[in-house]
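Model, not experiment: these values are computed from the prediction. Position 1 is the first residue of the sequence, and the numbers go up from there.
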Amino acid sequence: MTAKSNVYNVAGWGFGLLILLIGILNIFLVHPVPGIAYVLISFIYYPPFNNMIGKNFGFSIPLFLKILLGVALIIFTLGVSDLGDMIDKL
């Protein structure tokens, strides 16, 4: 395993856990539907899930799409969702 792939794996796990945490907070504090969507979306960032998709379907999600989706999720969470409003009140 190269150092570059190790950095991608750690970043994938970290960002996947961040999106999972946002999803869990949405489930309990806002509404279950967007929370469940966040939880399901978080799986695309985990390296084992990405490897499974590659083996079973013959493709993997490109890094630039993951980054683009991640930025959009963070902007949506902080700017539009009710969870962002709750964070502002703290």
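When all heavy atoms are compared, the tightest approach of Asn50 to Lys66 is ND2-NZ, 3.0 Å.
A continuous path of hydrophobic side-chain contacts links Trp13 to Val39 [ILVMFWY only; heavy atoms under 4.5 Å]. Under the 4.5 Å side-chain heavy-atom criterion for grouping Ile, Leu, Val, Met, Phe, Trp and Tyr, Val10 is not connected to Leu20 through any hydrophobic cluster. Under the 4.5 Å side-chain heavy-atom criterion for grouping Ile, Leu, Val, Met, Phe, Trp and Tyr, Phe15 is not connected to Leu68 through any hydrophobic cluster.
Taking 4.5 Å as the limit, some side-chain heavy atom of Leu65 sits within range of a side-chain heavy atom of Pro62. Considering only heavy atoms from C-beta on, Ile36 comes within 4.5 Å of Ile27 through its side chain. Looking at heavy atoms from C-beta onward, Leu17 lies out of side-chain contact with Tyr45 at the 4.5 angstrom threshold.
Applying the ring-ring contact (aromatic ring centres under 6.0 Å, His included) test to residues at least two apart or on different chains, none of the pairs has a partner in residues 56-75.
The side-chain contact (heavy atoms from CB on, under 4.5 Å) test applied to Phe28 returns Ile24, not counting sequence neighbours. Taking the side-chain contact (heavy atoms from CB on, under 4.5 Å) definition, one finds that Phe49 meets it with Phe43, Ile44, Tyr46, Met52, Ile53, sequence neighbours left out.
The line from OG of Ser42 to CD1 of Ile19 is 7.5 Å long, rounded to the nearest 0.5 Å. Rounding to the nearest 0.5 Å places CG of Asn9 at 7.5 Å from CG of Asn51. Atom CG of Asn26 is separated from atom CG of Leu21 by 10.0 Å, given to the nearest 0.5 angstrom.
Each of Leu69, Ile75, Ile74 was checked for a side chain to side chain contact (heavy atoms under 4.5 Å, CB included) with Val71, and the lone residue meeting it is Ile75.
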